[in-house]
Protein chains: 2
Amino acid sequence: MAESDAQSSGTAPKRIRTITDLAKIAGVSPGTVSRALSGNSLVNNKTREKIEAIAREHGFRPNQMASKLRMQKTGVIGVAIPLGHDVRQQISDSFFITLLGYLADELTEKGYDLMLRRVIPAQDEDWLDRFIGSGMVDGVIVVGQSDQFDRIEDVADGYLPMVVWGNHQEGQRHCVVGADNRLGGKLAAERLIASGAKSLAFLGDTEPIEFAARYAGAREVAARMGVPIRALPTHLSPERTGKEIAEHLQEIEGKVDGIFAATDTIAVTCLRELRKRGIEVPGQLRIVGFDDLPISSQTVPPLTTVRQDIAAGAKGLVDLLLRRLAGEDTESLVRPPHLIIRETA
Amino acid sequence: MAESDAQSSGTAPKRIRTITDLAKIAGVSPGTVSRALSGNSLVNNKTREKIEAIAREHGFRPNQMASKLRMQKTGVIGVAIPLGHDVRQQISDSFFITLLGYLADELTEKGYDLMLRRVIPAQDEDWLDRFIGSGMVDGVIVVGQSDQFDRIEDVADGYLPMVVWGNHQEGQRHCVVGADNRLGGKLAAERLIASGAKSLAFLGDTEPIEFAARYAGAREVAARMGVPIRALPTHLSPERTGKEIAEHLQEIEGKVDGIFAATDTIAVTCLRELRKRGIEVPGQLRIVGFDDLPISSQTVPPLTTVRQDIAAGAKGLVDLLLRRLAGEDTESLVRPPHLIIRETA
DNA sequence: AGTAAAATTGCAATCGTTTGCAATTGACCG
DNA sequence: CGGTCAATTGCAAACGATTGCAATTTTACT
């Protein structure tokens with residue numbers, strides 16, 4: 001059966017591109033087509049069926065841009081990953097990536113699409129305003145505060161539908177979801193000390209606010225227990241991390257016997273360097289990580305770590321965001337982390 | 001200077017929401033504002049500066065929905081991840097996730113935004129048409145063919161700007177980027193045999209077309225060398241994988257001495273199960289993985305694997321897609337994988 | 001059959017930008 | 001000073017869907 005075309009017979013040759021084309025074919029007005037296709041309105045069943053049939057046959061779908069413009073909402077949630085400290089950080093860090101996966105799940109389930117944007121604040125001061133003001137998204141989830149805490153704070157007052165993954169600070173104005181990093185740091189330090197460490201080190205960048213809090217928690221415990229602790233700064237890009245850790249290990253050999261890694265990723269790399277150097281874990285040196293990534297249970301020996309529940313975190317982010325979209329001014333959600341004792345401490 | 005309006009003093013109370021508001025304040029027409037803000041057009045420098053100043057001051061940004069509607073392009077590339085076989089597969093599989101990270105990088109760099117959509121074809125037959133026809137994206141990258149080869153083929157003829165990550169088959173119509181899986185399979189089998197294996201097994205789901213090709217390559221080599229090979233089907237969801245592999249190992253104990261894992265993720269899990277059972281690698285059993293994920297160099301012993309260059313793959317996807325957006329009908333890009341010899345085979 | 005009420009449909013304005021074309025302004029030259 | 005030409009600007013029609021309101025058709029009932 002086929003199309004033919006032009007002035008002759010059969011079915012319409014021209015593709016249906018707009019609701020108006022379809023209306024013409026169906027012999028009704030565009031308004032009716034719109035109502036029929038959106039389902040909910042009051043349209044005669046027979047008309048609706050006819051319209052739907054035509055739409056199906058021609059594979060027609062209403063243009064979303066037009067629809068969204070008219071409806072003043074996009075059905076899209078923006079997810080921004082600011083890469084403040086270390087440009088390649090989060091992309092390779094399975095923590096963020098895993099979180100992203102769960103976010104996609106949750107949002108999809110709630111009927112939202114997800115627009116992903118990596119931002120390098122150093123190159124684009126205005127990233128957050130741009131993202132929000134773009135009119136492309138109904139709300140924003142920021143994954144990781146990076147070094148952008150202040151910028152996020154600035155925006156928070158004027159823009160309700162934003163939720164941030166990260167650390168919570170007394171009196172902050174933006175809504176965050178995250179683990180209690182300070183508590184996590186305490187748990188880690190306590191465990192290291194309990195398993196015999198006499199001198200601690202925090203391995204990782206202490207700039208990012210989440211990490212700073214972890215370190216602070218560890219310091220608090222260390223101070224209370226009279227154990228020394230030092231920070232060993234590390235970048236997060238996988239290429240540099242290995243070398244840096246090796247250097248640190250060289251330097252602290254014999255002086256430190258308990259390492260609290262800012263991240264499981266770092267802990268795993270560290271574990272590998274230790275093996276290279278023939279240092280026994282946990283015999284000579286104890287390690288505790290943070291996150292409890294899937295790999296962490298698979299290392300040799302399996303990693304003792306502080307677990308944050310990523311799936312629950314994602315659910316929390318989406319839940320709060322939806323409530324904010326509905327106008328509610330939600331509180332932050334800080335979940336307690338849990339110590340997972342395996343074999344490295 | 002200043003705005004006046006309302007009945008009193010200072011700065012304008014009403015927010016600038018549209019280009020027309022701004023035009024009114026600047027005392028020009030909306031058209032001029034549009035031109036000024038888009039930069040490229042012919043507008044008097046002084047006018048432009050004035051307009052830009054006002055825009056900056058009020059934090060005004062043109063509505064993207066309207067702009068995109070008018071311009072008939074969105075600046076967004078859709079990335080679809082079909083979860084055909086195993087719903088939780090890709091989300092947890094670091095391969096896809098890593099690829100996604102690189103895609104985000106590449107697209108951002110080219111000035112595109114990335115809209116992520118997980119699809120469960122079983123629940124939504126129409127996913128690809130919907131995504132394409134939504135008018136939300138200028139082009140589509142499909143990450144993984146899953147079991148949707150045919151559906152993708154169907155669409156390929158009528159829709160140019162689509163590129164797929166996956167396996168290439170003789171005579172297929174859609175443009176893919178991917179590794180030569182069959183060759184990879186051959187490399188793996190050759191290596192296993194070269195390092196002494198006398199009886200092989202392929203560990204992983206053989207349904208997905210990429211995996212099937214890997215298995216086929218291995219079978220070809222095995223046949224040529226007169227070595228038996230069998231398939232041990234596995235799911236990819238991390239919760240089930242462990243148990244399944246354990247069962248397989250139980251069953252094949254002593255009968256198989258070379259395992260080709262469909263994926264590094266599977267290989268790593270397998271390695272762990274082998275350790276549990278006290279089987280020596282590569283002494284009693286050899287393993288080769290596929291992908292060369294970051295973890296793979298960190299296992300104990302480090303994993304021998306077939307490497308596909310994910311970053312290059314992402315670059316290829318984006319590059320081809322952009323060329324297709326420009327109207328070119330590009331060929332598929334199949335890159336040779338490389339054997340990375342470490343210690344498991 | 002006549003009429004009121006209910007159910008459908010059509011009309012036309014609207015969402016906020018972009019852009020071809022025409023009108024205006026100003027500069028420059030003889 | 002008039003005229004020509006280029007540089008700026010304004011006008012108004014798109015882009016394609018949604019929706020309040022009014023007009024029309026059905027249905028229901030007396």
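Each chain gets a letter, A, B and so on, in the order its sequence line appears, and its residues count up from 1. For clarity, every value in this text was computed on a predicted model and none was experimentally measured.
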Inset, instruction - Look up atom CG in L107(A) and atom CE in M115(A), then write down how far apart they are to the nearest 0.5 Å. - result: 13.5 Å
Below the 4.0 Å mark, does [N] have OP1 or OP2 next to a side-chain nitrogen or oxygen of [X]?
{"X": "T47(B)", "N": "dT9(D)", "answer": "yes"}
{"X": "Q72(B)", "N": "dG16(D)", "answer": "yes"}
{"X": "S29(A)", "N": "dC11(C)", "answer": "no"}

In whole angstrom, what separates [X]'s [atom1] from [N]'s [atom2]?
{"X": "K68(A)", "N": "dC15(D)", "atom1": "NZ", "atom2": "C1'", "result": "16 Å"}
{"X": "N63(B)", "N": "dT14(C)", "atom1": "CG", "atom2": "P", "result": "17 Å"}
{"X": "K24(A)", "N": "dA17(D)", "atom1": "NZ", "atom2": "P", "result": "12 Å"}
{"X": "M71(A)", "N": "dA13(C)", "atom1": "CE", "atom2": "C1'", "result": "17 Å"}
{"X": "I19(A)", "N": "dT19(D)", "atom1": "CD1", "atom2": "P", "result": "11 Å"}
{"X": "Q64(B)", "N": "dT17(C)", "atom1": "CD", "atom2": "C1'", "result": "10 Å"}
{"X": "N44(A)", "N": "dT24(D)", "atom1": "CG", "atom2": "P", "result": "19 Å"}
{"X": "L42(B)", "N": "dC21(C)", "atom1": "CG", "atom2": "C1'", "result": "13 Å"}

Inset, instruction - Considering only NZ, NE, NH1 and NH2 on the basic side and carboxylate oxygens on the acidic side, decide whether R61(A) and D126(B) come within less than 4.0 Å. - result: yes
Legend entry - dG16(C) base / R70(A) side chain donor-acceptor hit below 3.5 Å: no
Inset, instruction - Starting from the 5' end of DNA chain D, give me the residue, G27(B) or T20(A), whose nearest nucleotide shows up first. - result: G27(B)
Inset, instruction - Return the nearest nucleotide to the side chain of L69(A); candidates are dC11(D), dC15(C), dT17(C). - result: dC15(C)
Inset, instruction - Please tell me which of the listed nucleotides, dT18(D), dT17(C), dT9(C), lies nearest to the side chain of V43(A)? - result: dT9(C)
Inset, instruction - Indicate, with a heavy-atom threshold strictly under 4.0 Å, whether S34(B) touches base, sugar-phosphate, or nothing. - result: base
Inset, instruction - Scan V28(A) against the nucleic acid and name what it touches under 4.0 Å (heavy atoms): base, sugar-phosphate only, or nothing. - result: sugar-phosphate
Inset, instruction - Mind checking salt bridge (Lys or Arg N to Asp or Glu O under 4.0 Å) for E109(B) and listing every partner two or more places apart, or none if nothing turns up? - result: none
Legend entry - CD/E328(A): more than 12 non-hydrogen atoms of other groups inside 6.0 Å: yes
Inset, instruction - Starting from the 5' end of DNA chain C, give me the residue, M65(B) or G31(B), whose nearest nucleotide shows up first. - result: M65(B)
Legend entry - side-chain contact (heavy atoms from CB on, under 4.5 Å), paired with M162(A), selected from L321(A), L320(A), L128(A): L128(A)
